[in-house]
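Working notes, beginning with the structure itself.
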Amino acid sequence: MPQEYVIFLLDDGVYPDSLNQNRFYKKIPQNAIFEQICMDATLNCDQREAVNTLSGPLLVLAGAGSGKTRVVTVRIAKLIDTGISPRRILAMTFTNKAAQEMQKRIASMISTHRENQPEISTFHSLCVRILRRQIHNLGYPNNFSILDASDQNSICRKVLREIRVSDASLKPRDLLYHIGQWKSRGISPKIATRDADTDREHLAAVAFRRYQDELTRCGTVDFDDLLLLTSVLFRDYPEVRENEADRFDHILVDEYQDTNDIQYSIVKSLSQKHRNLCVVGDDDQSIYGFRGSDVRHILNFASDWPGAKTIRLEANYRSTEAILEVSNRLIRFNANRYDKVLKAARAGGQKPRIEQFGDEEHESKQVVTSIRRDLESNGRQPSDIAILFRTNEQPRLFETELRKFDIPYVLLGSHSFYDRKEIKDLVAYLRVIHHADDEPSMRRIINNPPRGISANSVSALVEIATQRGVSLWQVMLDNEALQTLKVPARMSIRNFIETIRSLQQTFSENLELSTFHSFLSAIQYKKEVLRNSEDEAETEQRWASVEEMANVFGAYLGRKRKPTLESFLEEIALAESDFDDDKDDQLDRNAVALLTLHASKGLEFPVVYMVGLEEGLLPHGRAVAAEGPAIDEERRLAYVGVTRAQDELTLSLSLTRRKWGRVQEQNPSRFLFEMIGQADNPHDAVVKRETETTNH
DNA sequence: CAAAGCCGTTTTTTT
DNA sequence: AACGGCTTTG
């Protein structure tokens, strides 16, 4: 067989020194060398086994910092090395970042023909691709648009208003949460209604039905639908399922502890035939329960897949022994888990510090002072340092403080770019241009900039639309329906329809950067920006967002061989394109990272500051109120945080904190006591009793 | 119909 | 403290 693939290693990892010295094994012909380099020299025996177990169901229980990413990528390389065609391999990740990272790493080990790459994608983008081809089976339009969080919220609000639910009994946010939970478990409105225990839940279930009808009416789907509809498609259309399943011989799921029921069923559908399913994850790092992830999937893997092999990676190459000791002690407080104890490959190390401050301002000042010390006298680079926090309100103070001393920083993970008003407006326009039935977007722009279509007129039309079960756009096109409005409003709507139509024309004719600019002038957006700004500085700032949007568009056009408005919007909705390129650049350009604990998963930093270790914040107040498993998840979150640190870890807390303008007393987090061994561990008690009895 | 001003709520985490 | 929705005013 001609060797199409070339393998070489440029991966930083835990190589023995001898290997590190000449680690640019460029384009070494494979086989023997591959064995030698990847198998013997650079992997420990557990890792080697995980890489070598190429067929059948396999569970890799990878502890924090155990070299999971390397195992995954080397395993894929190995599969290809044994002659499996790359395109027959599917690797699923949960974030786009992880997918890109994996792609990059594999590309650094193996060069394959660009038409013949392993498919590495998130669940969401995989499902979008399937749905674009197949969703007509379920009666949705193929050009469905994807709802973002704020659209979801406004639909929830509308639905609740319609069924006259007062805000006090069920808030849009709560409804959204319920819907998310239901959808991630594949529960339909009907079943939700039937199984509702409380009045509140019943109400939510009724609203759920309406919400879903509303989506169908607008020809849109939400994030959860992408997965849910795919699983429905697989269930009801076996030929579709087989078609998709037949595309792959090997499936790999990263971060398996984060799968929800739907993702689980999709994975199962795709791999039940060949059973070559490798899942990798760490039950101790399951932190997405709030969006339906269920640790039980990883805990039950062995019984789900008879004959499955389990491999534990318990050596930790990331953190020092001192840090790991604290981490291990903390996570042992959780009950339902695989009992694994990470062993430090790096002995000794500095003990984690705990620092307590009077208020959150002092906390931020001191942390930044300490960061300055790291930079000035301890020889650290800004990019060596991370500040981790629980909620997104926390970083503000740290930002101001860092800015004060001109320390470069990046605030990671917040989608702030797409939260800006200008961006939202422009995206809404583009969505309407692409798919005028997209009602949430339509409502956003219909009178923005003001063009004489009042809110009253809009709601009158929406009412008709709801009654008829068609979209707002359909009603706007209906002359008869327009008769209910006053003449000026009618005229304005006709003008607006013309504007949209001509824009649709413009965008369908040619898609280039200039299209975007003529679009901006067509809607006179500059004027709108001016109108909304108090002063020149604000205008400038707002217009900068608009220009950035143009850049994103331009970058997209440059990247795609066959650009379409549809795929551009899709990238935005799934945040697929790394619009954070800028941020990554900054990260490369050496900046302190500020990120939530959730966003920190999978990353590592030599120096970590974990801040706000207080009851009510970590564990979060809601979790404290809910008790039980919710607290366990918070503990895992804390565990994820401490295991990010390679060399130095500082845990800090503030004894008071301002919330909604009021100063509140705070207590140190229970996790702190657990970490330093000043809390009783029920699980230790069990172990102790057992040893006592055996002794007697 | 648009702008200004008042009121009440809000924040857990994300694809 | 800050933002969004609603009401009043121009």
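Each chain gets a letter, A, B and so on, in the order the sequences are listed, and its residues count up from 1.
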Rounded to the nearest angstrom, tell me the gap between atom [atom1] in [X] and atom [atom2] in [N].
{"X": "A/Arg396", "N": "B/dT11", "atom1": "CZ", "atom2": "C1'", "answer": "11 Å"}
{"X": "A/Glu255", "N": "B/dT14", "atom1": "CD", "atom2": "C1'", "answer": "14 Å"}
{"X": "A/Phe94", "N": "B/dT15", "atom1": "CZ", "atom2": "P", "answer": "12 Å"}
{"X": "A/Asp258", "N": "B/dT13", "atom1": "CG", "atom2": "C1'", "answer": "12 Å"}
{"X": "A/Leu597", "N": "B/dT13", "atom1": "CG", "atom2": "P", "answer": "11 Å"}
{"X": "A/Arg658", "N": "B/dT11", "atom1": "CZ", "atom2": "C1'", "answer": "17 Å"}
{"X": "A/Arg657", "N": "B/dT11", "atom1": "CZ", "atom2": "P", "answer": "18 Å"}
{"X": "A/Asn260", "N": "B/dT14", "atom1": "CG", "atom2": "P", "answer": "17 Å"}

Strictly under 3.5 Å: I want the nitrogen or oxygen pairs between protein and nucleotides 3-6 of chain B, one per line.
residue: B/dA3; atom: OP1; partner: A/Arg531; partner atom: NH1; Å: 3.4
residue: B/dA3; atom: OP2; partner: A/Arg531; partner atom: NH1; Å: 2.5

Of A/His620 and A/Asp224, whose nearest nucleotide on DNA chain B comes first from the 5' end?
->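 Closest to the 5' end, via its nearest nucleotide, is A/His620.
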Nearest-nucleotide wise, let me know which of A/Gln152 and A/Pro488 is further upstream toward the 5' end of DNA chain B.
->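 Per heavy-atom nearest nucleotide, the more 5' residue is A/Pro488.
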A/Leu270 side chain reached by A/Leu126 side chain, heavy atoms, under 4.5 Å |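 Heavy-atom side-chain distance check passes, below 4.5 Å.
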Would you tell me if any nitrogen or oxygen in the side chain of [X] comes within less than 4.0 Å of OP1 or OP2 on [N]?
{"X": "A/Asn392", "N": "B/dT13", "result": "yes"}
{"X": "A/Asn447", "N": "B/dA2", "result": "yes"}
{"X": "A/Asn96", "N": "B/dT14", "result": "no"}
{"X": "A/Thr596", "N": "B/dT14", "result": "yes"}

Would you please test A/Gln257 and A/Glu255 for side chain to side chain donor-acceptor pair (under 3.5 Å) and show each step?
-> CA-CA 5 Å; A/Gln257 76 281 359; A/Glu255 306 286 11; 2.9 Å; yes
Is atom NZ of A/Lys104 surrounded by more than 12 heavy atoms (other residues, nucleotides or ligands) closer than 6.0 Å?
->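 It does not: A/Lys104 NZ has 12 such atoms or fewer within range.
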Can you check whether A/Phe290 and A/His620 have ring centres sitting under 6.0 Å from each other?
->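 No: the rings miss the under 6.0 Å criterion.
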Determine whether the aromatic ring centres of A/Phe94 and A/His124 lie less than 6.0 Å apart.
->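 A/Phe94 vs A/His124: aromatic centres not under 6.0 Å.
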Write out a two-atom table: protein N or O, nucleotide N or O from nucleotides 3-10 of chain C, distance below 3.5 Å.
none

Main-chain N/O of A/Val663 paired with A/Arg658 side-chain donor or acceptor, under 3.5 Å |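 It does not hold such a pair.
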Kindly say whether A/Leu228 contributes a backbone atom to a donor-acceptor pair with the side chain of A/Asp225 at under 3.5 angstrom?
->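 Pair absent, no side-chain N/O of A/Asp225 close to backbone of A/Leu228.
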Relative to A/Tyr639, does A/Arg636 satisfy both conditions: NZ or CZ under 6.0 angstrom from the six-membered ring centre, and within 45 degrees of the ring's axis?
->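 Verdict for A/Tyr639: no cation-pi partner in A/Arg636.
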Hey, does the Lys NZ or Arg CZ of A/Arg132 hover above the aromatic six-ring of A/Phe144, less than 6.0 Å from the centre and inside 45° of the axis?
->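 Verdict for A/Phe144: a cation-pi partner in A/Arg132.
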Matching residue for A/Arg657 among A/Glu393, A/Glu614, A/Gln664 - test: side chain to side chain donor-acceptor pair (under 3.5 Å) |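 Testing A/Arg657 for a side chain to side chain donor-acceptor pair (under 3.5 Å) against A/Glu393, A/Glu614, A/Gln664 leaves exactly one candidate, A/Glu614.
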Counting heavy atoms from C-beta on, name the nucleotide in B/dT14, B/dT15, B/dT11 closest to the side chain of A/Ala599.
->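 The nucleotide sitting nearest to the side chain is B/dT14.
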Of all the nucleotides listed (B/dT13, B/dC1, B/dT15), which has the minimum atom distance to the side chain of A/Phe290?
->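 Shortest atom-to-atom distance from the side chain points to B/dT13.
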